[in-house]
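Protein chains get the first letters and strands the later ones, always in sequence-line order, with residue 1 at the start of each.
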Amino acid sequence: MVPKTRLELSKLLQLSGILRSSTPCPLRCISRRPLCSAAESSGFHDTRSWLDFDADPNGPENADSGDEFVIPSLADWVQSYPLLDHTKALHKPKSGKEEISDVDRMCQILKTHRRSLEDVVRALNGCGASPSKSLLEQVLRRFSNDWVPAFGTFSWAKSQTGYVHSPEVCDLMVDILGKSKKFHLMWELAEEMSGMEGYVSFVTMSKIIRRLAKAKKFEDAIEAFKGMNRFGVSKDIKSLNVLMDAMVKGDSVESAEEAFSAFKDEVGLSSESFNILIHGFCKCRKLDDARRVMEEMEKHGLRPDSVSYTCFVDAHCREKDFRSAESILKEMTQKGCPPNVVTYTIYMHALGKAKQINEALGVYEKMKSRGCVPDTSFYNSLIYILSKAGRSKDAQEIFEDMEAEGVDRDVLTYNTMIAAACERSQELVALKLLKKMEEESCQPDLKTYAPLLKMCTRKKRMRVLHFLLSHMLRNNVSIDLGTYELLVRGLCKSGKLDKACSFLEEMVSKGWTPRETICKLLIEKLDAAGMVKEKEHAEKLMSTVK
DNA sequence: CTAGGGTTAG
């Protein structure tokens, strides 16, 4: 009996018995009482965690060496799962009446016809699918790290009668081309869009500017800004701030300041622009420049605000200079712009990272006593530092509390919890969180899966690994270079050399170039294992991409 | 994604 496509994860967990754990540990509600004294209270170092799974005497630690699951029913279930050989097509047409969606069918085609744009278009022309906005959005998201199939699909759809791309799909395509540094194609598309009323928007231009700045093409980013009017988008203070912010994020606050000087008379002044520069200078530890900008800000009659000061708090925290950070906090209160939730998050997170967990929790108490309300990001930080401090039980309680406090959990909340569970090799805890994400319609991203995949390679859970890869595909999360490297490295270390080889093959076929260290590792391992043929094959493969 | 915060590797 093969489970239906949508419910795999919940089935997996049901069968594993994890959902039957109906007697949770009594929760000490962390947010309703002081935490500083909590460190010594009982239960923290109890390795039996909050799920029955870890209390299982046949826990994962005992099954470290094999490819088997701890819980038989789980193993049975995964065995019955239509396993995906990642080197083959995703959904092989099965006998019977299984419906295969257009998206899946197209992705299957795209996996084998990816050599050139013409190849993609030709293959899609023969597949009989008809394009729609949601189809395009899904395919583009799945191949957002893979511009040939993405752009090929985009071009194919454009040529189909009765279909016209929406502005949103065009923006998505612009962004993918920019991410892949295909700037020539990106501009061509932008030109094409400008011929259609309402297609090039502020969003489009922002994406273009951000991608150029990220690739350190600052001159081109400025040209894009200058040319905005031609595309029918107004060149105003908001867009100048986008340009400056993009440059700061591309590690050139100097370019941002130049742009500011060049265009400020044209678009006017705002405290946002000054704060972007203060932020930029603080990030690269040029505090004197940051102070200079702050003075200029005041000269122009704009008062530094919480954002301005928070940049300085962040700078001191990065240096682990907590006394200076503290004195900025005091100054903020004196100047009438008291620290807010962002300021506290930065300060608490830095203390926690510096292993000063009690001081960090003190910040939490202080913030609450001042009536500042924690938000999602704040709780995410708190969960992160508690986990890093080995207080997973407290982290779990905060996670639970968020709901009660009416604060939404986001993808980072889950990513943090999942990463922590994976670090402790709590496989089912991690999978349960993934399922909860699904239930709450929280869309996973690459960073959700990375720790899970890494854990699978470490624990040699090949079936779970394949399960996760298909889960990623279904959630339109496309594998990037880093993830492939993680897989190859992890599998090498666990001696799963054949699998490591096939992932190498796959990444090369997708146009990624594995780093030298990864190649060396794999070759060495193959050599040591006496896998001569495979070694030669891998060497040949690598020589083709260098 | 539209000023400041949170995920990080062997």
Atom pair distance, as rounded to whole Å: [atom1] in [X] and [atom2] in [N]:
| X | N | atom1 | atom2 | answer |
| --- | --- | --- | --- | --- |
| A:Lys493 | B:dG10 | NZ | P | 6 Å |
| A:Met247 | B:dT2 | CE | P | 17 Å |
| A:Asp445 | B:dT8 | CG | P | 12 Å |
| A:Arg458 | B:dG10 | CZ | P | 9 Å |
| A:Leu453 | B:dT7 | CG | P | 20 Å |
| A:Asn275 | B:dT2 | CG | P | 14 Å |
| A:Leu433 | B:dT7 | CG | P | 18 Å |
| A:Asn415 | B:dG5 | CG | P | 18 Å |

Check: Residues two or more places apart in sequence or in another chain: which of them pass side-chain hydrogen bond (donor to acceptor under 3.5 Å, both in side chains) with A:Glu319?
Finding: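 side-chain hydrogen bond (donor to acceptor under 3.5 Å, both in side chains) list for A:Glu319, sorted by chain: A:Arg285.
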Margin query: I'd like the P distance from B:dG5 over to B:dC1, given in whole Å.
Written below: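 Rounded to whole Å, the distance is 15 Å.
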What nucleotide among [options] has an atom nearest to a side-chain atom of [X]?
| X | options | value |
| --- | --- | --- |
| A:Lys447 | B:dT2, B:dG5, B:dT7 | B:dT7 |
| A:Ser271 | B:dA3, B:dG5, B:dT7 | B:dA3 |
| A:Arg489 | B:dT7, B:dG10, B:dT2 | B:dG10 |
| A:Val342 | B:dT7, B:dG5, B:dT8 | B:dG5 |

Under 4.0 Å, counting only non-hydrogen atoms across every strand here, what does [X] touch: a base, just sugar-phosphate, or nothing?
| X | answer |
| --- | --- |
| A:Phe202 | base |
| A:Ile346 | sugar-phosphate |
| A:Asn241 | nothing |
| A:Ser377 | base |
| A:Val341 | base |
| A:Ser273 | nothing |

Indicate whether OP1 or OP2 belonging to [N] is found under 4.0 Å from a side-chain N or O atom of [X].
| X | N | value |
| --- | --- | --- |
| A:Lys454 | B:dG10 | yes |
| A:His279 | B:dG4 | yes |
| A:Tyr384 | B:dG5 | no |
| A:Lys238 | B:dC1 | no |
| A:Lys207 | B:dT2 | no |

Check: Can any side-chain N or O of A:Arg489 pair as donor or acceptor with the backbone N or O of A:Ile518 at less than 3.5 Å?
Finding: no
Margin query: Please check: side-chain N/O of A:Asp236 versus main-chain N/O of A:Ser239, any donor-acceptor pairing under 3.5 Å?
Written below: yes
Margin query: With a 6.0 Å cut-off (strictly less than), is the heavy-atom count around CZ of A:Arg292, excluding the residue itself, greater than 12?
Written below: yes
Checklist line | Within 6.0 Å of NZ in A:Lys216, more than 12 heavy atoms from elsewhere | finding: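 More than 12 within 6.0 Å, yes.
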Notebook entry, point to check: How about A:Phe274 and A:Phe260: are their ring centres within less than 6.0 Å of each other?
Noted result: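 Yes, ring centres under 6.0 Å apart.
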Margin query: Please list, in numerical order, the residues of residues 293-327 of chain A that have a heavy atom closer than 4.0 Å to any atom of DNA chain B.
Written below: A:Asp305, A:Ser306, A:Val307, A:Thr310
Side-chain contact, heavy-atom cut-off 4.5 Å: [X] with [Y]?
| X | Y | value |
| --- | --- | --- |
| A:Val342 | A:Phe378 | no |
| A:Leu269 | A:Lys264 | yes |
| A:Ile176 | A:Met173 | yes |

